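These notes are about the structure you will find just below.
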There are 2 protein chains.
Amino acid sequence: MSRAGGGGAGSAIGRAGCGSLCEQCRVRGISVCRSIEPAALDELERIMTRIELPAGRVLFDEAAPAEGLFTLVDGVVKLFKMLPDGRRQITGFLLAGDFLGLAFFNSYAYSAEAVTDATLCRFPRDRFLALLERHPALEKELLGRASSELAAAQEQMLLLGRKSAKERVASFLLMLARRQQAAGRTTVALAMSRHDIADYLGLTIETVSRGIRAAAAEGLIRLIDRHHYVVVDDRRLRFAAAAE
Amino acid sequence: MSRAGGGGAGSAIGRAGCGSLCEQCRVRGISVCRSIEPAALDELERIMTRIELPAGRVLFDEAAPAEGLFTLVDGVVKLFKMLPDGRRQITGFLLAGDFLGLAFFNSYAYSAEAVTDATLCRFPRDRFLALLERHPALEKELLGRASSELAAAQEQMLLLGRKSAKERVASFLLMLARRQQAAGRTTVALAMSRHDIADYLGLTIETVSRGIRAAAAEGLIRLIDRHHYVVVDDRRLRFAAAAE
DNA sequence: CGCGTTTTTGACAAATATCAATGCAGGTGG
DNA sequence: CCACCTGCATTGATATTTGTCAAAAACGCG
């Protein structure tokens with residue numbers, strides 16, 4: 001499936017434009033990396049703080065005052081919203097290079113929590129916005145990211161609103177594979193729990209489990225163990241994902 | 001009368017972010033109206049073309065080369081994506097003042113079609129992007145819009161992934177009421193068909209119909225006719241929408 | 001090696017889709 | 001102006017999908 005950004009599930013998953021995190025930016029610990037003048041990079045570096053976030057730790061809560069913006073340097077972070085009674089919807093999994101925390105109202109629209117141990121850079125909101133004024137290229141970069149995140153969000157709405165359980169699971173398996181293939185891997189890692197997958201796909205853990213097993217039984221994938229698989233039949237997997 | 005619910009009525013519906021459509025911009029026929037320097041407005045006006053789109057007419061198709069950007073001056077437009085077998089997900093309804101067509105890859109991520117007769121302004125993509133270079137305030141405006149659309153998309157993912165049919169319908173009725181109340185109306189117009197509502201909420205038309213009737217039977221709303229209602233019990237409607 | 005947690009599996013229940021009429025309203029042509 | 005026609009909406013009966021509940025199996029960890 002041709003998901004904008006080559007796999008941008010949910011919010012800000014690695015984007016074609018940014019490709020793999022460029023080395024220079026990785027070193028600098030920031031991911032806003034395309035077409036940014038060195039002067040802006042220097043300024044960014046001056047106002048940033050590095051954060052180590054252990055797996056399961058909350059970075060910020062929905063509706064909290066948005067005092068920081070972040071880039072993810074390493075690890076996986078999930079974004080989610082909750083209903084008053086505890087139902088949860090994960091809106092995206094973020095990978096290295098992704099940006100989060102942009103809140104044009106003054107509070108976050110979602111919560112963010114580390115799936116694995118993660119490393120981030122934090123930029124104080126006011127100073128970052130001030131910096132934005134002086135560096136239009138940075139603003140353009142953010143607009144591009146927001147735009148592709150929006151495309152990914154729309155793709156996810158299609159999945160949530162119109163795909164069957166099996167199609168959702170196949171779409172997810174395909175999306176993960178695409179992202180990791182882009183990084184040259186053939187074995188795909190399922191870093192997140194069945195519970196997280198379920199809350200991302202709008203299903204229950206049981207239905208996710210059955211969907212994954214069915215995909216394996218039908219020869220679309222081969223399961224190495226509960227958290228690793230290989231795509232065996234890409235064409236049929238795409239078909240199962242209703243992606244063609 | 002046209003299903004537009006009266007073109008004038010549609011256009012009166014403001015947008016939270018933009019407030020009500022500013023008069024100056026209405027006159028100029030463009031909706032990118034906050035904090036834009038007059039010079040930029042003049043330039044925008046110079047490159048724009050006005051378009052009248054009859055109800056049901058397609059503005060552009062998903063995956064088509066994105067050669068234009070648009071602002072909606074009057075009427076209602078729906079954005080949607082389709083699966084190969086014809087299933088459809090409407091990702092949003094646009095009202096006067098909304099912007100569409102931003103595509104940072106070179107093709108549209110979704111199709112756009114008029115729900116009611118609509119008036120738009122078209123800006124050629126290349127010239128608009130060039131103009132963006134010279135007017136950072138315009139870029140900031142777009143970033144703000146993209147950001148709030150993203151928040152709305154995440155809210156919709158929560159609805160599609162985790163809310164029951166009745167909650168979805170209640171959320172929809174509440175959302176429409178909020179948008180129209182902001183414009184000082186008390187009777188809410190349901191400009192779109194049950195089919196469109198169903199494709200927006202990820203349901204079938206029958207389930208939407210039952211949901212609306214149930215909301216009326218429970219005294220949350222009072223139906224004037226099939227395309228108009230009044231919110232009777234806001235608090236319970238919010239509760240039914242799982243919004244509190 | 002045993003224990004708690006996650007995942008899988010199975011039986012059953014509930015929500016929603018599907019199928020099938022029927023009703024309603026607006027537009028059209030007589 | 002009225003009656004019919006057509007498409008949209010509603011309603012009801014039934015089917016299907018997916019969720020719920022319960023338990024067993026697998027895994028990770030001390």
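Sequence lines set the chain letters: A, B, ... in the order given, protein chains first and strands last, and positions in each chain run from 1. Quick note: numbers below take in every heavy atom, side chains included, and nothing from hydrogens, waters or symmetry partners. Just so we're clear, the structure is a prediction, and the values are computed from it rather than from any experiment.
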Nucleotide nearest A:Thr207 when distance is taken to its side chain, options C:dT7, C:dA17, D:dT18: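 Within the option list, the nearest is D:dT18.
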
Nearest to side-chain heavy atoms of B:Glu206, which nucleotide of D:dG19, D:dC21, C:dT18: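 Nearest nucleotide to the side chain: C:dT18.
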
Distance-only donor-acceptor test (3.5 Å): side chain A:Arg168, base D:dT17: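 Under the 3.5 Å cut-off, the side chain and the base do not form any donor-acceptor pair.
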
Donor-acceptor pair present, A:Arg210 side chain and D:dT20 base, under 3.5 Å: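 When only heavy-atom distances are counted, A:Arg210 does reach the base of D:dT20 through a donor-acceptor pair under 3.5 Å.
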
Write down the distance between [atom1] ([X]) and [atom2] ([N]), rounded to a whole number of angstrom.
X        : N      : atom1 : atom2 : answer
B:Asp199 : D:dA9  : CG    : C1'   : 15 Å
A:His195 : C:dT5  : NE2   : C1'   : 13 Å
A:Ile205 : C:dT5  : CD1   : C1'   : 11 Å
A:Arg162 : D:dT17 : CZ    : P     : 16 Å
B:Met192 : D:dC8  : CE    : P     : 15 Å
B:Asp196 : D:dA9  : CG    : C1'   : 14 Å
A:Asp85  : D:dG19 : CG    : P     : 15 Å
B:Arg194 : D:dT11 : CZ    : C1'   : 14 Å

Any donor-acceptor N or O pair under 3.5 Å, side chains B:Glu52, B:Thr119: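 Yes, a side-chain donor-acceptor pair sits under 3.5 Å.
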
Sugar-phosphate, base or nothing in reach of A:Gly211, heavy atoms under 4.0 Å: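 Contact class for A:Gly211: none.
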
Aromatic ring pairing A:Phe60/A:Tyr108, orientation class (parallel under 30°, perpendicular over 60°, tilted between):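 Because their plane-to-plane angle is under 30°, the rings of A:Phe60 and A:Tyr108 count as parallel.
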
Aromatic centroids of A:Tyr110 and A:Phe80 separated by under 6.0 Å: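 Not under 6.0 Å, so no.
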
Centroid-centroid under 6.0 Å between A:Phe70 and A:Phe99 rings: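 That pair fails the under 6.0 Å test.
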
Positive for salt bridge (charged side-chain N to carboxylate O under 4.0 Å, His left out) with B:Glu113, one of B:Lys78, B:Lys81, B:Arg88: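 Among B:Lys78, B:Lys81, B:Arg88, the one meeting salt bridge (charged side-chain N to carboxylate O under 4.0 Å, His left out) with B:Glu113 is B:Lys78.
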
B:Arg178 atom CZ: more than 12 heavy-atom contacts under 6.0 Å: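 Atom CZ in B:Arg178 is crowded, with more than 12 foreign heavy atoms closer than 6.0 Å.
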
Side chain B:Glu149, main chain B:Ala146, donor-acceptor under 3.5 Å: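 Pair absent, no side-chain N/O of B:Glu149 close to backbone of B:Ala146.
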
Of residues 220-232 of chain A, the positions that come close to DNA chain D - non-hydrogen atoms, cut-off under 4.0 Å: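 Correct list: A:Arg226.
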
First encountered from the 5' end of DNA chain D, between A:Leu203 and B:Arg213: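 The residue closer to the strand's 5' end, by nearest nucleotide, is B:Arg213.
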
